[in-house]
There are 2 protein chains.
Amino acid sequence: MEQDSNTESLIFDAAKSVFLEKGFDGAKMQNIADTAGINKALLHYYYRSKEKLFDVVFSQILNQFFKKMGEVWETELSIEEKISAFIDTYVDFLLKNPFIPRFVINTLARFPQNAGEVLEGKTNGIFTKMKSILQKIQNDIDKEAAAGQIKPVKIQDLMVNTISLIIFPIIAEPMIKMIFGLNQNDYKNFIIQRKQVIKDLLIRSLKK
Amino acid sequence: MEQDSNTESLIFDAAKSVFLEKGFDGAKMQNIADTAGINKALLHYYYRSKEKLFDVVFSQILNQFFKKMGEVWETELSIEEKISAFIDTYVDFLLKNPFIPRFVINTLARFPQNAGEVLEGKTNGIFTKMKSILQKIQNDIDKEAAAGQIKPVKIQDLMVNTISLIIFPIIAEPMIKMIFGLNQNDYKNFIIQRKQVIKDLLIRSLKK
DNA sequence: TTTGCAATTAACCATTTGGTTAAACTTTAT
DNA sequence: ATAAAGTTTAACCAAATGGTTAATTGCAAA
């Protein structure tokens with residue numbers, strides 16, 4: 001799925017799939033070995049322990065999650081166009097990787113000690129990068145606001161609004177299906193149609 | 001915390017607290033017994049098995065979660081006022097019960113078989129109730145829209161937007177703290193200030 | 001006070017789980 | 001061809017975990 005089929009990446013892919021779906025506690029080493037189609041001892045041969053294996057997988061997913069989140073903002077588009085492009089690409093990304101946000105959020109909640117510095121090292125300073133991108137967006141907003149093109153907003157509010165509207169319905173998929181009585185297909189259409197709903201909502205909030 | 005201190009409710013409270021924080025897989029019976037200050041065998045004496053105990057706890061939490069969600073909408077306020085009131089009461093509720101939404105969503109994702117009918121029975125038909133409330137709100141919206149007071153919207157969109165904006169920042173607390181470099185106090189203020197941010201965003205989206 | 005029942009506990013049990021080991025198999029270099 | 005190194009496996013181990021049991025304690029009715 002990810003790389004060529006040497007044993008190490010075979011294990012990595014299996015572990016990623018199992019951890020993503022079940023989380024650290026729910027995932028069992030035997031299940032990962034079975035998924036990879038190899039003997040359980042090989043997991044330890046290549047990755048030493050469950051924690052170590054999880055660490056590698058989690059770092060990779062965290063990078064994937066935030067890299068995708070940072071992408072669109074470094075372009076030369078207007079704020080409104082950036083928001084629109086971000087919604088499109090991030091919703092598409094999540095439709096292909098629906099387990100990632102729940103996994104990231106649960107893991108961050110599960111291992112609060114990993115919080116700051118530890119993760120920062122293992123992920124090429126992903127949080128520092130994130131903060132610098134946010135600062136840049138804030139500057140863009142301030143510029144456009146000063147030019148009278150949009151209402152001034154705090155990047156924290158805009159960002160949290162945006163990712164809340166995008167990510168929550170993915171995390172809460174089972175709940176949303178249940179409350180509204182949707183099947184898999186209804187649900188997927190609902191998410192796709194939400195792209196426009198979210199754009200309208202956010203862009204309207206920037207109009208003066 | 002919840003009832004008088006007979007052993008049964010002592011166990012229930014301990015189990016609720018441990019399950020809420022760690023989820024089904026992460027919670028250990030011994031830990032629940034220790035939290036309740038009683039012997040592990042008593043858990044089985046009163047509740048037979050981990051699954052049974054979890055079932056009782058989960059049903060109660062699910063009721064709490066949705067009951068609180070349904071409350072405000074049955075009043076005589078205008079849609080805008082209802083939204084505003086809902087945001088206030090639900091944010092306050094979540095600040096006092098920050099683990100509930102993550103727990104509910106994870107459990108629903110963890111046990112998809114419980115989905116429809118099973119839960120419906122154990123929770124006094126909470127989902128049926130939910131759907132009837134949603135229908136009522138949709139009628140109110142249609143009425144106000146026909147009278148030209150607001151823009152017409154689908155209740156599904158309005159509802160998902162609202163709970164996304166409210167719940168996501170609670171579920172993603174560790175992530176938000178990390179990205180924006182907030183401490184516990186910063187974070188709490190951020191959430192409280194978001195009440196107004198969310199109101200502005202949603203009510204603006206209803207203006208013609 | 002004694003009898004009987006409910007409540008509580010310490011000790012135990014079987015299974016699961018993360019992890020290890022020693023042997024076997026495969027590949028590579030000489 | 002063969003030795004050495006790397007790879008893979010079956011069998012095993014200790015700790016943790018959900019659950020049981022038999023004995024003990026507490027308490028209310030007779």
Side-chain angles (χ1 to χ4, degrees), chain A residues 1-61 103 106-107 110-111 113-114 118 122, chain B residues 1-61 103 106-107 110-111 113-114 118 122:
Chain A
M1 195 203 261
E2 308 262 329
Q3 307 180 31
D4 48 343
S5 68
N6 59 0
T7 306
E8 192 168 344
S9 60
L10 213 64
I11 293 174
F12 180 90
D13 292 347
K16 183 171 173 180
S17 142
V18 173
F19 279 134
L20 265 175
E21 202 174 332
K22 316 216 175 193
F24 183 80
D25 291 317
K28 307 299 167 199
M29 294 298 265
Q30 188 60 59
N31 185 5
I32 294 174
D34 293 346
T35 303
I38 49 109
N39 187 284
K40 180 167 67 93
L42 272 186
L43 300 184
H44 296 95
Y45 180 77
Y46 283 99
Y47 292 94
R48 305 226 7 205
S49 72
K50 188 183 183 184
E51 274 81 10
K52 293 256 171 52
L53 176 56
F54 184 80
D55 256 27
V56 176
V57 169
F58 179 55
S59 299
Q60 199 265 12
I61 292 174
F103 172 77
N106 282 337
T107 303
R110 175 68 227 277
F111 302 106
Q113 77 287 10
N114 266 16
V118 187
K122 287 180 189 160
Chain B
M1 191 203 262
E2 308 262 330
Q3 307 181 31
D4 48 342
S5 68
N6 60 355
T7 305
E8 192 168 344
S9 60
L10 212 65
I11 294 174
F12 180 90
D13 292 346
K16 182 171 175 179
S17 143
V18 173
F19 280 134
L20 265 175
E21 201 173 335
K22 316 217 175 194
F24 183 80
D25 291 317
K28 307 300 167 198
M29 294 298 266
Q30 188 61 60
N31 185 5
I32 294 174
D34 292 346
T35 303
I38 49 107
N39 186 285
K40 181 166 67 90
L42 271 187
L43 300 184
H44 296 95
Y45 181 77
Y46 284 100
Y47 291 95
R48 306 225 3 196
S49 71
K50 188 183 184 185
E51 275 80 9
K52 292 258 171 51
L53 177 54
F54 183 81
D55 255 27
V56 176
V57 168
F58 179 56
S59 299
Q60 199 265 11
I61 292 174
F103 172 77
N106 282 336
T107 302
R110 176 68 226 277
F111 302 105
Q113 78 287 8
N114 266 16
V118 188
K122 287 179 190 161

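To find a chain, count down the sequence lines: A is the first, B the second, and so on, and within it residues start at 1.
- Between the CE atom of M29(A) and the P atom of dT17(C) there is a distance of 12 Å, given to the nearest Å.
- Across the protein-nucleic acid pair, I11(B) atom CD1 and dA7(C) atom P stand 11 Å apart, rounded to whole Å.
- One can place CG of N6(A) at 15 Å from C1' of dT27(C), the figure rounded to the nearest angstrom.
- Note: CZ (F54(B)) to P (dT17(D)) measures 17 Å, nearest angstrom.
- Atom CG in D25(B) sits roughly 15 Å away from atom C1' in dA16(D) (whole-Å rounding).
- Using a 4.0 Å heavy-atom cutoff across all strands shown, E51(A) reaches sugar-phosphate atoms only and no base atom.
- Atom C1' of nucleotide dG19(D) and atom CG of N31(B) are separated by 17 Å, given to the nearest angstrom.
- Atom NZ of K22(B) has 12 or fewer heavy atoms from other residues, nucleotides or ligands within 6.0 Å.
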Produce the list of close N/O pairs, under 3.5 Å, pairing protein atoms with atoms of nucleotides 4-9 of chain D; give distances to one decimal.
| from | atom 1 | to | atom 2 | distance (Å) |
| --- | --- | --- | --- | --- |
| dT7(D) | OP2 | Y45(A) | OH | 3.1 |
| dT8(D) | OP1 | T7(A) | OG1 | 2.9 |
| dT8(D) | OP2 | T7(A) | OG1 | 3.1 |
| dT8(D) | OP2 | Y46(A) | OH | 2.8 |
| dT9(D) | OP2 | N39(A) | N | 3.0 |

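- In this structure, the side chains of F58(A) and D55(A) stay at 4.5 Å or more apart for every pair of heavy atoms.
- Taking atom CD of residue Q30(B) and atom P of nucleotide dT9(C), one finds them 12 Å apart after rounding to whole Å.
- Using a distance-only test at 3.5 Å, with no hydrogens or angles considered, a donor-acceptor pair links the side chain of K50(B) to the main chain of A27(B).
- Aromatic ring pairs are classed by plane angle as parallel below 30°, tilted from 30° to 60° and perpendicular above 60°; the pair F19(B) and F24(B) is parallel.
- Atom NE2 of H44(A) and atom P of dA11(D) are 19 Å apart (whole Å).
- Here D25(A) pairs with R110(A), D25(B) under the side chain to side chain contact (heavy atoms under 4.5 Å, CB included) rule; sequence neighbours left out.
- Using a 4.0 Å heavy-atom cutoff across all strands shown, A33(A) reaches no nucleic acid atom at all.
- No side-chain donor-acceptor contact under 3.5 Å links S17(B) to the backbone of D13(B).
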